[in-house]
Amino acid sequence: EFAHLPAGNFLAGSNQLRDPDFTGDQENPLYVVVDKPFSIATTAVTKDVYDRFIQELVSGMHPEIAVNIAPTATGVAHASGFMNRVVLTGDSPVTAMPWDGACLFCNWYSKKAGIPQDEWHYIVDPQKAEILKQRPDSHAFRLPHTLEWEYAARGGKKLAPYPWGGPYIRNNLGCPLANFKPMRGDYVEDNGCHTVPVQSYSANDYGLWCMAGNVAEWTNTAYDESVY
């Protein structure tokens, strides 16, 4: 399922007033204009869906590629990267897959959508499962760019510290609003001592789930401090 986001603008990055947990980051607010609407999946990719992708690679006589991009751990607790080997449910987010695996998954999804291979976004070395280059004019599935992801994660709230507004991490009933405790607190207190199903808590105003916490997510572009 996908949400269709409008064009708009926002302040990317962080500063001490908006993000007291990360005052050491060398980020300054950056005014960003998203000049075109775009679509993005409403949840992270689940373990069940990624497992299906891997199984199709194996059954398609590409077991060596499947080995290279299979997840390397059974669970990651919180976006801090704390490893916790647990048995995840099928609707939990897939964790610990390499960036190339996430890109190949996008190509697989494009194939499922009936998009011809010569229009897929990622051009791949078929022997090594490595991304050789990208098609910038492709309209096939791809990972979001870093600033696209942040725009989506904010859910239309330009200056809020969290996607639900803030500054609190519980609602008026005392229920946690996300699966994270950056740099402080008790990991179990937010009802998630490891990753939780992708539609846990509440969606943001764009209809996107768990855009703060739960699991770290790949983007198409690497973080570059000099951008901010």
Side-chain angles (χ1 to χ4, degrees), residues 1-15 18-19 25 27-46 49-50 53 79 93-94 97-124 130-166 178 198-199 201-228:
E1 186 175 349
F2 288 81
H4 306 291
L5 277 58
N9 59 73
F10 72 108
L11 283 177
S14 65
N15 60 26
R18 289 197 295 134
D19 201 347
D25 285 2
E27 292 185 3
N28 295 307
L30 174 70
Y31 181 75
V32 175
V33 174
V34 179
D35 57 359
K36 296 179 181 179
F38 66 95
S39 298
I40 189 169
T42 57
T43 71
V45 175
T46 64
V49 174
Y50 198 84
F53 159 57
V94 64
M97 91 291 288
W99 180 80
D100 295 276
C103 296
L104 285 170
F105 176 87
C106 291
N107 278 357
W108 175 76
Y109 212 91
S110 295
K111 178 182 178 181
K112 291 292 185 185
I115 299 173
Q117 185 171 349
D118 60 1
E119 297 179 17
W120 295 353
H121 187 82
Y122 300 101
I123 300 174
V124 182
E130 294 177 353
I131 306 304
L132 298 177
K133 60 187 297 187
Q134 301 183 35
R135 293 185 174 94
D137 57 345
S138 170
H139 296 290
F141 292 97
R142 61 169 173 82
L143 298 172
H145 295 301
T146 303
L147 293 174
E148 289 175 333
W149 188 93
E150 183 171 344
Y151 178 71
R154 290 184 178 280
K157 291 180 168 56
K158 298 181 182 180
L159 297 175
Y162 300 113
W164 51 85
V198 294
Q199 287 192 336
Y201 308 98
S202 298
N204 70 12
D205 285 355
Y206 285 151
L208 310 178
W209 298 81
C210 287
M211 295 298 280
N214 202 28
V215 69
E217 299 185 34
W218 285 118
T219 58
N220 201 46
T221 45
Y223 169 73
D224 184 354
E225 188 177 280
S226 65
V227 170
Y228 297 89

Tell me the closest heavy-atom pair linking [X] and [Y], and the distance in Å.
| X | Y | answer |
| --- | --- | --- |
| Cys106 | Arg142 | SG-C, 3.6 Å |
| Ala12 | Leu147 | CB-CD2, 3.7 Å |
| Thr46 | Val198 | CG2-CG2, 3.8 Å |
| Asn204 | Pro163 | CB-CB, 4.2 Å |
| Asn214 | Pro93 | ND2-CG, 3.7 Å |
| Tyr206 | Ala152 | CD1-O, 3.6 Å |

Would you say [X] has more than 12 foreign heavy atoms packed within less than 6.0 Å of its [atom1]?
| X | atom1 | answer |
| --- | --- | --- |
| Glu119 | CD | yes |
| Lys111 | NZ | no |
| Tyr109 | OH | no |

To the nearest 0.5 Å, what is the distance between [atom1] ([X]) and [atom2] ([Y])?
| X | Y | atom1 | atom2 | result |
| --- | --- | --- | --- | --- |
| His139 | Ser110 | NE2 | OG | 12.5 Å |
| Met211 | Glu150 | CE | CD | 10.0 Å |
| Glu148 | Phe38 | CD | CZ | 5.0 Å |
| Glu130 | Trp99 | CD | CH2 | 10.5 Å |

Inset, instruction - Would you confirm whether Arg154, through its side chain, and Ala160, through its main-chain N or O, come within 3.5 Å as a donor-acceptor pair? - result: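 Side chain of Arg154 to backbone of Ala160, a donor-acceptor pair under 3.5 Å: yes, one is there.
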
Inset, instruction - Please check if the side chain of Thr42 supplies one atom and the backbone of Ala3 the other of a donor-acceptor pair under 3.5 Å. - result: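 Not at all, since once roles are kept as given, no pair shorter than 3.5 Å links the two residues.
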
Inset, instruction - For the residue pair Phe105 and Phe53, categorise the inter-ring angle as parallel (less than 30°), tilted (30 to 60°) or perpendicular (more than 60°). - result: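 Phe105 and Phe53: perpendicular rings.
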
Any non-hydrogen side-chain atom of [X] less than 4.5 Å from a side-chain atom of [Y]?
| X | Y | value |
| --- | --- | --- |
| Glu1 | Thr43 | no |
| Cys210 | Val215 | no |
| Tyr151 | Leu5 | yes |
| Ile123 | Ile131 | no |
| Trp149 | Leu208 | no |

Inset, instruction - Check the side chains of Asn220 and Gln134 for a donor-acceptor pair under 3.5 angstrom, ignoring hydrogens and angles. - result: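 Checked: Gln134/Asn220 side chains pair up, N/O donor to acceptor below 3.5 Å.
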
Inset, instruction - Kindly determine whether Lys158 and Asn9 satisfy side chain to side chain contact (heavy atoms under 4.5 Å, CB included), including the steps that lead there. - result: CA-CA 8 Å; Lys158 298 181 182 180; Asn9 59 73; 2.9 Å; yes

Legend entry - The single option from Tyr122, Trp120, Phe2 passing ring-ring contact (aromatic ring centres under 6.0 Å, His included) against Phe141: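 Passing option: Phe2.
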
